[in-house]
Structures are given as C-alpha cells and as structure tokens.
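Worksheet for the structure shown next.
Order of listing sets the numbers, starting from 1, for every ligand and every atom in it.
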Amino acid sequence: MGNIFSKIGWFVKERWKTYVLMFFLLITIATISLLPAKVLGEAIDTIISGGLTADSLIWIVFLLALLPITRYFVSFLYNHLSQKTAQTLSFKMRQRYLSHLFDMDSQFYEKYEKGDLISRVTADLDAITQAASSMLEGIIFNVGLILFAISVMAFTISWQLTLISVTIMPIGLTVLNVIRNRKRKYIKKHREIYADMTEKVLESVEGQRAIRAYVQEDNDLKKQYKALEADIESWRYIVRFENWFNPLFEVIYGITYILAFSFGIYYIIQQQMTLGGLITFVSYIGMLFMPIISISNIFSQINNATISVDRFDEIMKQEPIVHDHDDSKPIVEFNEIAFKNVTFKYPFDKQPVIKNITFTIHKGQTLGIVGPTGAGKSTLIRQLLREFNVSDGQVYIDGISIEAFKIEAIRELVGYVPQTHMLFKRSVEDNIMIGKPKATTDALDRAVKIADFEKDLHFLQHDMQTMVGESGTTLSGGQKQRLSIARALIKDPEILILDDSLSAVDAKTEDTIIGHLKDFRKGKTNIIVAHRFSAVRDADLILVLENGKITQRGSHEELLRQDGWYKHQYIQQMTMK
Ligand code: ADP
C-alpha cells in the first residue's frame with residue numbers, strides 16, 4: 001500500500017485542498033449514515049417508556065427524513081470530486097508515460113513489445129487510478145464508520161457486548177488477508193497474460209493484409225482465440241478462488257450476530273440494556289458488515305494496483321542509454337564525418353553486426369553503400385542517427401565524437417528515409433510536412449519535385465489533400481517511398497540518407513531522383529544504400545559491405561577494375577537487364 005501512496009504522493013500534494021475537502025465530506029457521510037439507527041433506538045425506548053409526544057414524533061420523523069436527503073447531496077459532491085480527481089490523476093500519469101516513451105532509445109523498444117507498453121498505460125493505469133480514487137473513500141470512510149460505530153456501541157450502549165461481538169472481527173479480517181495475499185500472485189500472472197493478448201491482437205490488426213494474402217486467417221484467429229482463452233481462464237481462476245474463500249467471512253460474521261443477540265437478550269433480562277439499545281446495537285453490527293467487506297475489496301484493489309504500479313514504474317524508471325549530457329554541444333558546422341574502427345552489436349545479440357568500419361566522407365559528397373542483404377548496411381548508416389552507442393571505435397563529426405553532440409542536433413542534421421515507411425493517417429501533405437511542420441509551400445513543392453512525387457499527385461483523388469490510409473494503405477509501394485523521400489527532403493537536410501529507398505521505384509524514376517539529387521543538393525551530403533548499382537554509380541565513394549566488413553571501396557570505375565563482389569554483381573545486373 002505504501003508503494004501506491006509513494007507513487008501518487010506527488011498528486012495528493014498537488015491537490016491537497018481537494019483531498020482535505022473530500023476527507024471532511026466522508027466524515028459527514030459516515031456520521032449521517034450512523035444517525036438513523038441511533039434515532040430509531042432512542043425512539044423505541046421513548047415509546048416503551050411511554051414518553052412519546054406528538055412533538056417528539058414530528059422531530060423523529062423530520063430527522064429521519066432529513067438525514068437521507070443531506071446524505072444524497074453530500075455524497076453527490078463527494079462522488080463528483082472523487083471521479084474528477086481520479087480522471088485528472090489518470091490523465092497526468094498517462095501524460096508522463098507518453099512523454100517518457102519519447103525519451104526512450106532504441107534499446108528500450110527492442111526490449112518491450114508494443115502490446116505490453118500499451119497495456120501498461122491502459123489496463124494497469126486504470127487499476128491504479130481506480131485504487132487511488134477508492135483508497136481515500138475506502139479507508140477513511142469505512143475505517144471512520146467502523147470506529148464511530150464501535151465507539152457509539154461501546155460508550156452509549158454496552159461495552160461488554162461490544163467487546164464480545166467485535167473481538168471475532170479480527171479473525172474475519174485475518175482470513176481475508178490470507179486470501180488476498182494468495183490472490184496477488186494470480187493477479188500478476190493475469191496482467192502478463194493480458195499484455196500478451198494485447199500484443200497478439202495488435203499484431204493481427206497490423207498484419208491483417210499479410211495474413212489475408214497468405215490465407216492465414218484461421219491460423220491467426222486460432223492464435224488470438226488461444227490468447228483470449230488464456231486471458232479468460234486466468235481471470236476465471238481468480239474469480240473461482242474468490243468464490244471459494246470469500247464466503248468464509250460471512251460465516252464468521254454470522255457468528256457475530258448470534259453472539260450479539262444472545263448476549264444482548266441476556267443483558268436486557270439483567271436490565272443492563274434497553275430494547276432500543278439492542279436494536280441500535282444490532283443495526284450497527286449490520287452496518288459494520290459492508291465497511292469491512294469494502295475495506296477488504298479496497299485492499300484487493302490496492303493489491304492489483306500495487307502490481308500495476310510496479311509494472312508502470314518499471315517503464316518510468318528506465319533510463320535511455322543514449323542521452324544528452326550537460327555539456328552536449330550543438331552542431332554549428334559540419335564538414336566531415338569519419339568512422340574509425342566502428343564495431344557495433346545489437347543490445348540483445350552476441351555477435352557484432354558491423355566490424356571495424358573505417359571511412360571518411362566530406363560535406364557535399366555522395367556515399368554509396370552496397371552489399372548482400374543482411375551485410376549490415378542499414379546498421380552502419382543508422383549509427384549516424386544515434387539510436388545506439390557504438391560498441392567499439394568512434395564516429396566523428398569534424399573530429400569530435402558524435403556522442404559529444406546533442407542528439408537532437410544530430411537528428412536535425414540528418415534526413416533519414418528508412419526501409420520501412422511509417423505513414424500516418426493524415427493527408428499526403430501532412431505526411432510530408434512531418435519532416436518540417438513549419439516548411440513553406442516553396443519548400444514543400446521543391447521536396448515533392450526532387451522526390452519525383454509530383455507525377456503521383458495527379459493520380460491521387462484530392463491531390464496533396466488525399467488522405468493516406470493507415471500505414472499508407474492507399475498508396476503504392478513506390479508512392480510510399482517517394483513520399484518518404486519528400487518528407488526527408490523538405491527540411492533540406494545537410495545529410496540525406498536513403499536506406500534502400502529506391503527499391504520499389506522503376507529504373508527511370510530512380511534515374512530522375514538521382515539526377516534531381518545532383519542538381520538540387522549541391523554542397524549537401526547524400527548517403528545512398530542501394531541494390532541497383534545505377535543508384536550509386538556517380539557516388540564519390542562506394543563501400544562494399546560483406547558480412548559486416550568493408551571488403552571493397554572506391555569509385556564505380558575503380559571498383560569495376562577490381563575483381564570482387566561489386567564487379568560480379570554488376571555484370572550479373574547488366575546481363576539481367
Ligand atoms: P542490410 O541493411 O545490409 O540488409 P541490416 O543492417 O539490416 O543489413 O542487418 C544486419 C544484421 O543485423 C542482420 O543479420 C539482421 O538480422 C541484424 N539486425 C538488424 N536489426 C537488428 C536489431 N534491431 N536487433 C538485432 N539484430 C538486428
């Protein structure tokens with residue numbers, strides 16, 4: 001419980017005035033709840049003693065009618081405040097979480113699955129806010145009610161009877177406590193199964209085109225049903241467990257009633273107690289039942305929430321390995337990039353993917369990178385995005401380690417077109433403008449022109465305003481590539497990186513784009529990873545990467561003079577034409 005308190009303490013501090021108000025409202029509700037039984041007991045004793053007058057009867061009826069009305073309004077205000085604070089807490093925690101996700105680096109996203117990250121901000125966060133909102137009510141109201149009731153019972157009716165009836169309650173609470181602790185284990189397991197189910201559904205929704213194309217609907221549905229069943233089964237297990245053990249408490253409670261009645265009647269016979277007193281007493285015992293069950297439910301909610309808080313907190317505690325330092329520099333100028341003996345291994349791999357990479361490229365030059373699939377070309381160029389730290393060696397910008405610069409400054413420098421295109425469900429224009437939201441219309445037109453996307457616009461129903469379906473479903477592969485290139489070009493980056501970004505365009509379009517890059521990007525640097533040699537033919541330097549190592553380097557002509565992968569592949573491509 002301390003755990004959840006410490007995690008939302010900042011919020012309680014921020015909203016302490018509301019919490020104080022809610023506290024007083026709860027005390028009022030508890031007091032109002034207890035009064036009718038007391039009034040009734042007094043009335044019965046007055047009737048029995050023959051002292052009931054018309055005036056006192058009007059008073060009793062008036063009081064009994066006034067109490068529920070007052071309770072209604074106070075409860076309304078309390079519920080309103082409680083719901084509002086819970087919603088605000090959930091909103092603020094979600095805000096923190098989402099902004100934290102943007103601080104995280106690629107290693108983090110290699111570790112956590114999407115479904116898991118989503119379930120932590122949905123199901124887990126709901127459990128936290130639910131517990132946080134009922135915690136105050138549950139603890140203050142119910143504990144207050146129990147203490148009040150017991151005090152009234154002990155001090156105004158009979159302390160002996162109170163002692164007899166109430167001593168059995170701790171036994172009931174202990175039983176509940178044991179049950180709760182066992183349940184905690186099952187809840188944790190259930191949360192994991194739920195996250196797994198979310199991941200499966202997400203994967204299926206995202207991959208539905210591929211699934212349909214390969215007629216794998218049945219197989220996929222089977223997998224999803226299995227995950228759904230696992231989720232339901234784990235929940236059923238918890239409910240079954242509760243159903244078996246929770247009624248134990250009612251048995252203990254029944255014993256309390258029997259004790260109160262038996263001893264109460266004995267005390268009435270002994271004239272140590274009045275009938276009205278016993279009626280009030282037994283009503284209070286009845287009123288204790290709900291608060292004790294509620295406290296137990298709240299503890300179980302807090303139990304769930306503690307697991308959720310841990311899961312939520314696990315993410316919030318993650319620190320990106322790649323991050324800025326206090327003395328991280330901006331990039332004022334850029335003249336040269338040098339890789340010196342760079343070796344890189346993905347965080348969860350054993351072997352490095354690129355090894356001992358050394359080369360230099362100057363501002364205004366074009367670098368081509370070719371090599372077999374899986375050789376490490378993308379991995380090599382992605383070192384310029386500072387997604388990870390290199391495992392060995394160093395990447396330098398003008399002689400200074402890339403790690404000394406602000407991450408944002410490096411990303412500002414680079415326009416990166418990845419292999420897989422991330423398109424958003426927005427218009428074509430908005431999708432391009434992501435590259436530079438404040439770009440002018442001229443910059444937009446220019447980017448569209450260089451990327452040779454202009455011709456595509458005529459085929460789109462609403463030109464630039466055509467909505468792109470989820471993940472670009474309404475565009476062809478080549479159109480998506482050209483749109484992505486335009487997005488990178490709109491910010492006129494110092495360094496443009498095309499990571500196999502021309503694979504889906506025909507040879508003529510590729511020629512046009514390469515020609516445009518030459519014409520429009522004078523003095524700027526281009527890095528082109530390509531499968532077709534035509535895309536890198538004019539590059540100032542071409543690197544051949546095989547199995548993570550540079551095996552050849554030079555200009556197109558130089559490489560053709562060497563006997564190696566480049567020449568063999570080139571001849572093969574020429575003969576296939
Ligand atoms: P290329 O661009 O030359 O096709 P990549 O750089 O994409 O090659 O991949 C090189 C190797 O690194 C492959 O064996 C690939 O499986 C592996 N790899 C790529 N991305 C990751 C990653 N995020 N985590 C682990 N291994 C990866």
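Taking each of D349, V353, I381, L380 in turn, the one with a heavy atom nearest to atom 25 (C) of ligand 1 proves to be D349. Remark: among candidates P347, S106, P352, S378, the nearest residue to atom 2 (O) of ligand 1 is S378, based on non-hydrogen atoms.
Side chains of Q461 and T466: a donor-acceptor N/O pair is absent below 3.5 angstrom, by distance only. Side-chain atoms of Q419 and S501 include no donor-acceptor pair closer than 3.5 Å.
Checked against F388 for a ring-ring contact (aromatic ring centres under 6.0 Å, His included), the options Y346, F348, F108 give a single hit: Y346. If you run side-chain contact (heavy atoms from CB on, under 4.5 Å) between I315 and each of V121, L117, D124, only L117 comes through.
Among all protein heavy atoms, the one lying closest to atom 8 (O) of ligand 1 is G376 N, 3.2 Å. Nearest protein heavy-atom contact of atom 23 (N) of ligand 1 is E110 OE2, 2.6 Å. Of all protein heavy atoms, the one closest to atom 18 (N) of ligand 1 is Y346 CE1, 3.4 Å. Given atom 5 (P) of ligand 1, the protein heavy atom at minimum distance is T379 OG1, 3.6 Å. The protein non-hydrogen atom at the shortest distance from atom 14 (O) of ligand 1 is G374 O, 4.3 Å.
Among residue pairs with one or both ends in residues 538-559, those qualifying as ring-ring contact (aromatic ring centres under 6.0 Å, His included) are H556-Y566, H556-Y570; sequence neighbours excluded.
T551 meets the side chain to side chain donor-acceptor pair (under 3.5 Å) test with E546; sequence neighbours excluded.
Under the 6.0 Å distance and 45° angle rule, R426 counts as a cation-pi partner of F424.
Near K377, with a cut-off below 4.0 Å to any heavy atom, the atoms of ligand 1 are 1 (P), 2 (O), 3 (O), 4 (O), 6 (O), 8 (O).
For a threshold of 3.5 Å applied to N or O pairs, the pair formed by T373 and ligand 1 contains no separation below that value.
Taking 4.0 Å as the cut-off, G371 does not count as a neighbour of ligand 1 on heavy-atom distance.
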